[in-house]
Structure formats: C-alpha cells, structure tokens
Amino acid sequence: MGAYKLKADFSAQIRVICSDMWKPYLKIIAKHLPQAINVLDRFHIMQKFSKALDKIRSEEAKRLRQTKQPPLLSKSRWCFLKRRENLTEKQGFKLNELLKMNLRTVKAYLLREQFQKLWDYRSPGWAGKFLDQWCHAAIFSRLEPMKDLARMLTAHRPLILNYFRAKKQFNSGIVEGLNRKINLTIRKSFGFRTLKIAKVCLYHQLGELPEPDFAHKFW
C-alpha cells in the first residue's frame, strides 16, 4: 500500500509526458496521468511521413519498371528521405532534377516538406489552422498513404497541438539519441560475455566517460 501511494504521489507531479501514437500508450497515459499534457513526439510523427513517402516512391518505381518507362526513381530513396542539408552533392543534384518532374513521389515529397512548416508555429490556434489546411490538401492529393496519414493526424489533432501548448519544449529526441548509442555499442561489441562488461561499456558510451589507455591488463 505504501509503495502504491508513493507511485501515485510521484505520478501526480508529472505535468508533461511525451509519447508516440501507439494506442496502449495513449490509453494508459489518459487513465493514470489525466493531469499531464500528453505531447505526441515530433520525431515519430515525421517518421510516419518517411514511411508514407517511401511507400509511394517504391510503388511508383515498380510501376515505371512494369510499363517499360525510364527508371527515373532508381537509387533515389535517400534523395527523398534524407534532410536536404545531409544530402551528398550527387544526391542533391539528383533530387533537384527529380523535383522538376511530374511524379507522384515528388508530390508526396512536397507535401511532407510543406508539413514541416507546422513546427515553426508557436500558437496552438494557428498551428491547428495550418494542420487542418494541410490535412485537407492531403485528402485530395489522390495519394493513399498521404490520405491515410492525414486521417491519422486529424484523429490525433489535440495531442499534436499539445506540442505547442507545452511551449515546444518537449520531445523524445534525447531518448532516441540514447537508444541509438546503446544499439551501436551492442553492435560494435559483437556480444558481451558478461552483463558487468556490458554495463561498464554503456556507462562510458552514454556518459561520454574517458576510455582507458589499454583495454586489457598486461602481466
């Protein structure tokens, strides 16, 4: 009983919580943290866009092959998925050429780039107006993955706007960064022989602690 009371006292102090759109998460947050603002993580929202865009690109590339048309979308995946500032010179040139063409993939890419402007707003009211306008345009885009995305965003509209109600101060970027570091450390290790060694390695990696001069002792 005391432990439960401690947990309840702690949860009552939580004012903001960041999550993705997984239904079990949303249900348990609504049930046990009704006083907290549930912010839908910006990273996961844009991840949905990448998946929708890549699906459209893949389907269109397949259609071009089947109809014996020029393979315009060959080796173009990362041209569309990477941020512009991270493109190589060759990828940037290819993207610029593709954007001049009347392709479904280009239309989806431009819709995604337009949606990015949402994050520039500060007011939940104005952000909501922009979101509604974007969803309306996406519904009439004739791009099924984008239409599905627009419906999903409309269904989660209040939680998306909580990002602005929370003054744009909360996202799971730090957690995602730590997860990437953990996964990279485990992959580099090719498997740890003991849990103790794994913990030491993760402490150094996540805490950016200095590495010893020698990994092994010499006798």
Side-chain angles (χ1 to χ4, degrees), residues 17-31 37-67 69 71-84 86-87 91 95 98-121 124-166 168 170-173 175-176 179:
I17 186 166
C18 193
S19 74
D20 60 26
M21 291 180 246
W22 195 42
K23 285 185 178 180
Y25 283 160
L26 301 183
K27 285 183 179 180
I28 199 167
I29 290 169
K31 180 178 180 180
I37 297 176
N38 184 8
V39 176
L40 286 189
D41 181 52
R42 172 176 171 175
F43 171 85
H44 286 94
I45 292 174
M46 297 314 301
Q47 195 176 55
K48 299 283 187 183
F49 272 86
S50 294
K51 290 180 179 178
L53 174 56
D54 199 40
K55 183 177 181 180
I56 293 168
R57 181 204 59 81
S58 178
E59 290 174 349
E60 188 167 31
K62 182 179 179 180
R63 179 180 60 80
L64 292 174
R65 288 195 302 270
Q66 291 175 342
T67 55
Q69 297 186 54
L72 300 174
L73 294 172
S74 176
K75 299 180 180 180
S76 67
R77 183 170 189 251
W78 294 112
C79 296
F80 290 108
L81 295 186
K82 288 170 67 174
R83 300 175 70 91
R84 268 189 173 268
N86 295 331
L87 293 174
Q91 289 170 339
L95 177 62
L98 289 171
L99 291 179
K100 299 173 185 177
M101 301 177 186
N102 184 24
L103 296 169
R104 290 168 58 83
T105 305
V106 169
K107 190 174 182 180
Y109 174 83
L110 294 176
L111 277 170
R112 188 194 67 177
E113 292 303 291
Q114 183 185 25
F115 183 86
Q116 292 274 23
K117 296 178 182 178
L118 174 72
W119 311 117
D120 295 333
Y121 284 91
W126 286 109
K129 290 180 183 294
F130 177 88
L131 179 61
D132 294 340
Q133 291 172 357
W134 185 92
C135 289
H136 179 79
I139 288 293
F140 287 92
S141 69
R142 298 183 180 179
L143 302 170
E144 288 303 323
M146 285 295 172
K147 290 168 67 174
D148 291 341
L149 191 54
R151 296 186 188 100
M152 182 190 65
L153 294 173
T154 300
H156 293 87
R157 185 181 187 275
L159 299 183
I160 294 172
L161 297 183
N162 279 345
Y163 175 73
F164 304 94
R165 296 186 181 98
K168 301 167 61 172
F170 299 91
N171 62 69
S172 65
V175 176
E176 295 296 333
N179 283 339

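Each residue takes its place number in the sequence, starting with 1. What you see below is based on every heavy atom in this structure, not just the backbone, and it leaves out hydrogens, waters and symmetry mates.
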Next on the checklist: Contact between Lys82 and Gln91 at the side-chain level, heavy atoms closer than 4.5 Å - yes or no?
Outcome noted: yes
Next on the checklist: With no hydrogens and no angle check, just 3.5 Å: does a side-chain donor-acceptor pair link Arg165 and Asn162?
Outcome noted: yes
Item to check | Closest approach of Phe130 to Phe115 (non-hydrogen atoms, all atoms of both residues) | outcome: CE2-O, 3.9 Å
Checklist entry - Which distance, rounded to the nearest 0.5 Å, do you find between the CD1 of Ile17 and the CG of Leu40? => result 11.5 Å
Item to check | Spacing of Leu149 atom CG and Thr154 atom OG1 [to the nearest 0.5 Å] | outcome: 9.5 Å
Next on the checklist: I need the minimum non-hydrogen distance between Tyr121 and Trp126, along with the two atoms involved.
Outcome noted: CD2-CB, 3.7 Å
Next on the checklist: What verdict does the side-chain contact (heavy atoms from CB on, under 4.5 Å) test give for Arg151 and Ile139, after you've listed the backbone C-alpha separation in whole Å, the side-chain angles of each residue and the deciding distance to 0.1 Å?
Outcome noted: CA-CA 8 Å; Arg151 296 186 188 100; Ile139 288 293; 3.9 Å; yes
Identify all side-chain donor-acceptor contacts of residues 51-61 below 3.5 Å with residues at least two apart in sequence or on another chain.
from: Asp54; atom 1: OD1; to: Arg57; atom 2: NE; distance (Å): 2.9
from: Asp54; atom 1: OD1; to: Arg57; atom 2: NH2; distance (Å): 3.2
from: Asp54; atom 1: OD1; to: Arg77; atom 2: NE; distance (Å): 3.3
from: Asp54; atom 1: OD2; to: Arg77; atom 2: NE; distance (Å): 3.0
from: Asp54; atom 1: OD2; to: Arg77; atom 2: NH2; distance (Å): 3.3
from: Glu60; atom 1: OE1; to: Arg104; atom 2: N; distance (Å): 3.2
from: Glu60; atom 1: OE1; to: Thr105; atom 2: N; distance (Å): 2.8
from: Glu60; atom 1: OE1; to: Thr105; atom 2: OG1; distance (Å): 2.6
from: Glu60; atom 1: OE2; to: Arg63; atom 2: NH2; distance (Å): 3.3
from: Glu60; atom 1: OE2; to: Arg104; atom 2: N; distance (Å): 2.9

Checklist entry - Side-chain donor-acceptor pair under 3.5 Å between Asp41 and Ser19, yes or no? => result no
Item to check | Pairs involving residues 108-118, ordered by first then second residue, that meet side-chain hydrogen bond (donor to acceptor under 3.5 Å, both in side chains) (sequence neighbours left out) | outcome: none
Item to check | Pairwise distance CZ(Phe80) to OG(Ser50) - rounded to 0.5 angstrom | outcome: 12.5 Å
Next on the checklist: Would you compute the distance between atom CG of Leu159 and atom CD1 of Ile37 and round it to the nearest 0.5 angstrom?
Outcome noted: 11.0 Å
Checklist entry - Are more than 12 heavy atoms from other residues, nucleotides or ligands located less than 6.0 Å from atom CG of Leu110? => result yes
Checklist entry - Of all heavy-atom pairs between Ser141 and Leu111, which one has the smallest distance, and what is that distance? => result CB-CD1, 3.9 Å
Checklist entry - Short question: side chain of Lys147, backbone of Phe140 - any donor-acceptor pair under 3.5 Å? => result no
Item to check | Heavy-atom pair with the smallest gap, counting every atom of Cys79 and Leu95 | outcome: O-CD2, 3.6 Å
Checklist entry - Between His156 and Met152, is there a donor-acceptor pair closer than 3.5 Å when you use the side chain of the first and the backbone of the second? => result yes
Checklist entry - Roughly how far apart are Leu72 CG and Leu98 CG, rounded to 0.5 Å? => result 7.0 Å
Checklist entry - Looking only at atom types and distance, does a side-chain atom of Trp134 sit under 3.5 Å from a main-chain N or O of Lys129, one as donor and one as acceptor? => result no
Next on the checklist: More than 12 heavy atoms of other residues, nucleotides or ligands under 6.0 Å from CH2 of Trp119: yes or no?
Outcome noted: yes
Checklist entry - Taking atom NZ of Lys48 as the centre, does the number of heavy atoms from other residues, nucleotides or ligands within less than 6.0 Å exceed 12? => result no
Checklist entry - Does Lys31 reach the main-chain N or O of Leu26 with its side chain, forming a donor-acceptor pair under 3.5 Å? => result no
Checklist entry - In Å and rounded to the nearest 0.5 Å, what is the NE2 to CG distance from His44 to Asp20? => result 4.5 Å
Checklist outcome for this item: Taking every heavy atom of Val39 against every heavy atom of Ala166, the minimum-distance pair comes out as CG2-CB, 3.9 Å
